[in-house]
Amino acid sequence: MPELPEVEVVRRGLDRWVTGRTIAAVEVLHPRAVRRHAAGPDDFAGRLTGRTVTAPRRRGKYLWLPLADEPDAASEALLAHLGMSGQLLVGEPDREREKHLRVRLTFTDGGHDLRFVDQRTFGHLMATDLVPDAHAPGHGLVPAPVAHIGADPLEDAFDEDAFAKALRRRRTGIKRALLDQTLISGVGNIYADEALWRAKLHWARPTETLTRAEAGRVLAGARDVMTAALEVGGTSFDSLYVNVNGESGYFDRSLDVYGRRDEPCRRCGTPIRRDEFMNRSSYSCPVCQPRPRRARY
DNA sequence: CACCGTTCCTGACGGC
DNA sequence: TGCCGTCAGGAACGGT
């Protein structure tokens, strides 16, 4: 399941394979893949055709390819969110079509094509305007649908003090807050559990009771685990996540709590517990991460 | 406004 | 063998 490190791996792959190339044609094979492009599949294709892709950017789990507008800087972009099972694949244009191929882009140089493949169709592509970035005033641009999300923990613009203060203003549990992309982006279910294990905090800990030091530990935990995942090319559990060349990451072998129900905690040996939370799973160590007296779900 | 439950989707898997 | 229920989850959306 692609979270920030996996999306970053994809971004790096795209930078190598598509930057500077001009889009020749766009095929939308499944309209659901572009459902967030309100003007429809034909408009989506029309906006991309003939445009030249510039260096890919990312914030949290969103990835975008700015489209050159010579002589000015790009004012539009191809925006991608991989959802649960989305892949962006680059390869020989005449290779076999994947079962869940949703969108295909070819380039004027006749070289490798770019394919959006997505089994569960939670991901999407769209063409969108770029708007000023509230997190870096006077500098960058971000796609309009990305404007409302927070900075991610691996970018310079991330304001740690503002994050800690915003957490304390919330009246919810820490894991809910971590999954709220407006507060901090790029953290999904897997890395939320990993960050909380590293910070030794229970997922239902009320945000308003977090000290500045504890907020700092959560953030450091998120940064550390994401950086480690990036170094090994991203996490993969079921081969649905792959980088742009179709190679899976290996980070799942390094996870400390996620998916490790009843296995010993790597710090204290206590069996990892699994709780139900938001109709999904939360994994934690009962000893390292004691349940708070007052829990917020 | 803040918070939270529901919803979209397909394939793997376990039980019978 | 095959059918069916359950599970996986990001984020938009609507209700409170």
Side-chain angles (χ1 to χ4, degrees), chain A residues 1-8 10 28-38 58-64 79-88 98-103 116-126 128 142-150 152-153 163 165-196 203-209 222 226 234-242 248 252 255 257-262 274-283 294-297:
Chain A
M1 289 139 253
E3 296 183 33
L4 187 156
E6 293 74 33
V7 178
E8 175 61 16
V10 173
V28 177
L29 295 118
H30 195 312
R32 188 173 153 75
V34 296
R35 66 193 177 283
R36 292 253 288 143
H37 189 90
R58 180 191 57 73
R59 169 164 288 163
K61 303 172 209 172
Y62 281 95
L63 174 65
W64 66 94
L79 178 65
H81 194 296
L82 303 179
M84 294 281 303
S85 53
Q87 301 171 262
L88 284 166
E98 294 80 359
K99 181 177 179 189
H100 300 295
L101 178 61
R102 309 303 190 193
V103 178
F116 179 63
V117 176
D118 189 9
Q119 178 209 119
R120 287 174 234 180
T121 69
F122 277 31
H124 68 268
L125 301 184
M126 67 189 293
T128 179
V142 294
V146 175
H148 73 285
I149 75 170
D152 71 53
F163 172 67
K165 290 190 173 94
L167 271 185
R168 289 179 56 89
R169 282 195 298 269
R170 287 299 187 95
R171 293 291 180 272
T172 188
I174 179 63
K175 184 165 174 183
R176 252 182 212 285
L178 287 176
L179 296 177
D180 179 346
Q181 304 295 301
T182 63
L183 208 52
I184 177 173
S185 65
V187 182
N189 199 40
I190 298 166
Y191 291 109
D193 281 2
E194 295 297 314
L196 290 169
W203 53 269
R205 176 70 182 276
T207 49
E208 68 267 31
T209 68
M226 286 177 170
T235 303
S236 177
F237 300 97
D238 53 9
S239 299
L240 285 174
Y241 163 71
V242 287
S248 296
D252 54 318
L255 293 176
V257 276
Y258 186 87
R260 297 193 61 239
R261 182 182 197 167
D262 296 335
R274 175 189 177 275
D275 297 313
E276 290 216 3
F277 164 76
M278 290 171 77
N279 288 326
R280 56 204 60 178
S281 299
S282 269
Y283 297 90
R294 240 171 14 87
R296 281 189 181 274
Y297 306 97

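These numbers come from the heavy atoms of this one structure, side chains and all, not from hydrogens, waters or symmetry mates. Here is the naming used below: chain letters follow the sequence lines, and residue numbers restart at 1 for every chain. Everything numeric here is computed off the predicted structure, so don't read it as measured data.
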Let me know the distance between [atom1] of [X] and [atom2] of [N], rounded to the nearest Å.
| X | N | atom1 | atom2 | value |
| --- | --- | --- | --- | --- |
| Arg280(A) | dC7(C) | CZ | P | 13 Å |
| His81(A) | dG10(C) | NE2 | C1' | 6 Å |
| Gln119(A) | dG10(C) | CD | C1' | 15 Å |
| Leu183(A) | dC3(B) | CG | C1' | 13 Å |
| His148(A) | dC1(B) | NE2 | P | 14 Å |
| Arg59(A) | dG10(C) | CZ | P | 19 Å |
| Met278(A) | dC13(C) | CE | C1' | 14 Å |
| His30(A) | dT10(B) | NE2 | C1' | 10 Å |

Looking across every strand, which nucleic acid part, if any, lies under 4.0 Å from [X] by heavy atom: base, sugar-phosphate, or nothing?
| X | result |
| --- | --- |
| Phe277(A) | nothing |
| Arg35(A) | nothing |
| Arg261(A) | nothing |

Counting only N and O atoms by type, is there a donor-acceptor contact under 3.5 Å from the side chain of Thr128(A) to the main-chain atoms of Pro143(A)? no
Would you confirm whether Arg32(A), through its side chain, and His30(A), through its main-chain N or O, come within 3.5 Å as a donor-acceptor pair? no
[N], OP1 or OP2 - any side-chain N/O from [X] closer than 4.0 Å?
| X | N | value |
| --- | --- | --- |
| Thr172(A) | dA2(B) | no |
| Arg176(A) | dG5(B) | yes |
| Lys99(A) | dG11(B) | yes |

Residue pair Phe122(A), His81(A): steps toward the side chain to side chain contact (heavy atoms under 4.5 Å, CB included) verdict: CA-CA 9 Å; Phe122(A) 277 31; His81(A) 194 296; over 6 Å; no
As a test of reading the structure: which of [options] is closest to the side chain of [X], going by heavy atoms?
| X | options | value |
| --- | --- | --- |
| Met84(A) | dA8(C), dA11(C), dT6(B) | dA8(C) |
| Arg36(A) | dA12(C), dT7(B), dG11(B) | dA12(C) |
| Lys61(A) | dG10(C), dA8(C), dC4(B) | dG10(C) |
| Phe122(A) | dC7(C), dA11(C), dC8(B) | dC8(B) |

First encountered from the 5' end of DNA chain B, between Arg170(A) and His100(A): Arg170(A)
Less than 3.5 Å between a donor and an acceptor, one on the side chain of Arg120(A) and one on the base of dA8(C), is that the case here? yes
His124(A) and Tyr62(A) aromatic ring geometry - parallel, tilted or perpendicular at 30°/60° bounds: perpendicular
Compute whether any side-chain donor of one residue and acceptor of the other, for Asp118(A) and Ser85(A), lie under 3.5 angstrom apart. yes
